[in-house]
Each structure stands twice: as structure tokens, then as C-alpha cells.
Amino acid sequence: MADAASQGAAGLRPHRAHSQPLMYVKVLSAVGYEPLPPTLGRNLFGRQVYQLPGLFAYAKHIMKIDGRAGLFKGLTPRLCSGAIGTIVHSQVLQRYQEADQEEEPGPSLKEPLSSLEQVIKETSREMVARSAATLVTHPFHVITLRCMVQFIGRETKYSGIFSPFVTIYREEGILGFFAGLVPRLLGDVLSLWLCNMLAYLINTYALENGVSTMSEMKSYSQAVTGFFASMLTYPFVLVSNLMAINNCGLAGGLPPYAPNYSCWLDCWSQLLKEGNMSRGNSLFFQKVPAGKLYVWEEKRFR
């Protein structure tokens, strides 16, 4: 119990609260809510394009309406998700370690694992641990997203700690707590394997042995491959977030603002067709996505 308590406390790390405004802005951008008009700028190749306002302009807009505290909507369920997820993740890995220790006392006839086999073994265990944590905490993730998206229509439907659970169960049943789970799991698993396998290839074949800063170089390669993997798997994050709020009774997830997707594959296909698979991924140099009705467009037409 003491271990579980300490693991849960680790999930309530301060950086979750500090990064909440960043996540809030990313979620609103991902669902296509852009209340500020675009400005004419230049992309990395020097070409003039219309770009949406960045992180600080977006955060300033939110504070203007809801105050500084408004940037922390959805923080409570996110902290709960982090604490529970940390416990589940640690407990799964601990079970694997205990199983290994039970095999050690007797003489082992197994050949030692190669470095590649070791990476595959550790990655497989990490995949199971992460998937278990994601499965258990996904209801809190859904509530976190819906608390944030309420900003679009100024609703209060998912306010409070326990009432969102009652609302989701009453309106959508058990399956409502797992909206968007499949693409989220797929993205997590794919990102994990890409990151670890790319890091293994770089550390094994690209970095020479005997370099004095080898450990430092390997840590950098892990960070680089992690960033690369997250970029490649971002469409899964986007689709998962959209499906978590789709047709949930909030303005941000209902027509005419957002389409009513039949399943996550339908959402993926629609975003791919519009060229919006990276919507919300960048907070500073984001092009104007297609196929959405924006607040500034509504005001212009009125």
C-alpha cells in the first residue's frame, strides 16, 4: 500500500499542472477552434502563407475570457489520470520483475539474450504496462478533453468531479468512457516501438564504441527518436481526441462546427482528405486548416 501511495504521488508531479495551459491550447487547436484571425507570415521555405496565432496569443485570449484560472480547466481529472496511470504502470512492471526473480534461483539453461532480443523484451513489457495504464485511465482522459472543449460553447455540462461520470454513463453508457481509445492505444504502441527500435539502431550502428561521451550521445538519440516517433504518430492522437468529444453534446463536437463521425476510421479518412492530419501539432507556425468553420469567419459573414 505504501508503494502504491508513493507511486500515485509521483503521478501528481508539478509539471502536469505547469503544462496544463500548453495542453489546453493544443487540444482546442486540434479540434479546430480558432477564435483569432490568421496573419500573413512565411513558412520555413520563405513562402508567404496564412498562419494562425501562436501559443501566447491563444493563451492571452483564454485569460481575457476566463481569467488566469481558465487555463487550468480539466486539471483535476488529468491529475487523477496521472496518479492512477503511474500506479498501474509500475505495478505491471513490478510483476514482470517478480517473475524474473522467481526464475533466477535455479540453474538456467537458457542462452543469454542478445542486445536486440533484450530491447524487444523490455519494449514488449513496457507496451503492456503502458496499455494497461491507458485502458484504466482513459475515462479520466475523456473527461479532461471534454472539460477543455466546453470553452468553445461556454457549456458547464462536464463540471465537477463526479458529475461527468454520471453524465457520460447516463447518455452514452459504459462505451462512452472509452471513446477514442483504439487510436490512442495504437498511437502509443506504435510510438513506443518506433522510438525504441530507432534508438537501438542508432546506438548500435551509428555511434562508435569508445567515444568518451557515449552515454550522453545515447541519451540524445533517445530524445531525438522520441520526438520523431511522436511526430509520426500524432495523427492517432488527433483522431483519438476528436473521437473523445464527437457527438457528446458539446458545441465543439457537434455539427455544424464538427462532423458527426461514424467511427475513428471515418474521422481519419476525413482529416486525410482535407489535409488536416497535423492540425494542432504546432503552436507557433501553424497553417490555417481546411474544412472547418472558425469563429473569426462567422463574425466576418455576419
Intermediate values then yes/no, side-chain contact (heavy atoms from CB on, under 4.5 Å), Q20 and M148: CA-CA 10 Å; Q20 183 68 11; M148 294 175 174; 3.0 Å; yes

F165/F140 aromatic ring centres below 6.0 Å: yes

Test item: M277 and Y234 side chains (from C-beta on) under 4.5 Å apart, heavy atoms: no

More than 12 heavy atoms of other groups within 6.0 Å of F56 CZ: no

Distance (rounded to the nearest 0.5 Å) between T137 OG1 and R78 CZ: 12.0 Å

Geometric class of the Y33/F151 ring pair [parallel <30°, tilted 30-60°, perpendicular >60°]: perpendicular

Residues K157, E171: salt bridge by 4.0 Å N-O rule: yes

Inter-residue atom distance I168.CD1 - F178.CZ, 0.5 Å rounding: 10.5 Å

4.5 Å side-chain heavy-atom contact, Y96 and V128: yes

Residue pair A30 / L242: nearest heavy atoms and the distance that separates them: O-CD2, 4.0 Å

Heavy atoms of other groups near M231 CE, more than 12 under 6.0 Å: no

Student check: side-chain heavy atoms of T134 and L181 closer than 4.5 Å: yes

Spacing of L250 atom CG and Y257 atom OH [to the nearest 0.5 Å]: 12.0 Å

Note, K73 side chain near T144 side chain (heavy atom, < 4.5 Å): no

Worked verdict on L254 versus N260 for side-chain contact (heavy atoms from CB on, under 4.5 Å): CA-CA 7 Å; L254 290 170; N260 187 4; over 6 Å; no

Side-chain donor-acceptor pair present, Q101, Q97, cut-off under 3.5 Å: no

Parallel, tilted or perpendicular, as decided by the 30° and 60° cut-offs, for the rings of H141 and H138: tilted

Shared hydrophobic cluster, L55 / I65 (ILVMFWY, side-chain heavy atoms < 4.5 Å): yes

Derivation of the side-chain contact (heavy atoms from CB on, under 4.5 Å) call for F236 and N241: CA-CA 9 Å; F236 290 95; N241 289 347; over 6 Å; no

Spacing of CG belonging to N196 relative to OG1 belonging to T225, to within rounding of 0.5 Å: 7.5 Å

Carboxylate-amine/guanidinium proximity below 4.0 Å for R146 and E172: yes

Approximate separation, where rounding is to 0.5 Å, of L135 CG and R184 CZ: 10.0 Å

Note, K121 side chain near E126 side chain (heavy atom, < 4.5 Å): no

Crowding at CZ, R68 (>12 non-hydrogen neighbours, <6.0 Å): no

Single-linkage hydrophobic cluster F227~L22, side-chain heavy atoms < 4.5 angstrom: no

pair S163-Y158: side-chain heavy atoms closer than 4.5 Å: no

Straight-line distance of S29 OG to Y24 OH, nearest 0.5 Å: 11.5 Å

Non-hydrogen side-chain atoms of Q94 and Q91 separated by less than 4.5 Å: yes

Polar side chain donor-acceptor pair, H89 to R130, under 3.5 angstrom: no

Step-by-step side-chain contact (heavy atoms from CB on, under 4.5 Å) determination, D100 to R125: CA-CA 12 Å; D100 288 341; R125 293 182 172 185; 2.6 Å; yes

Side-chain heavy atoms of L93 within contact of E122, under 4.5 Å: no

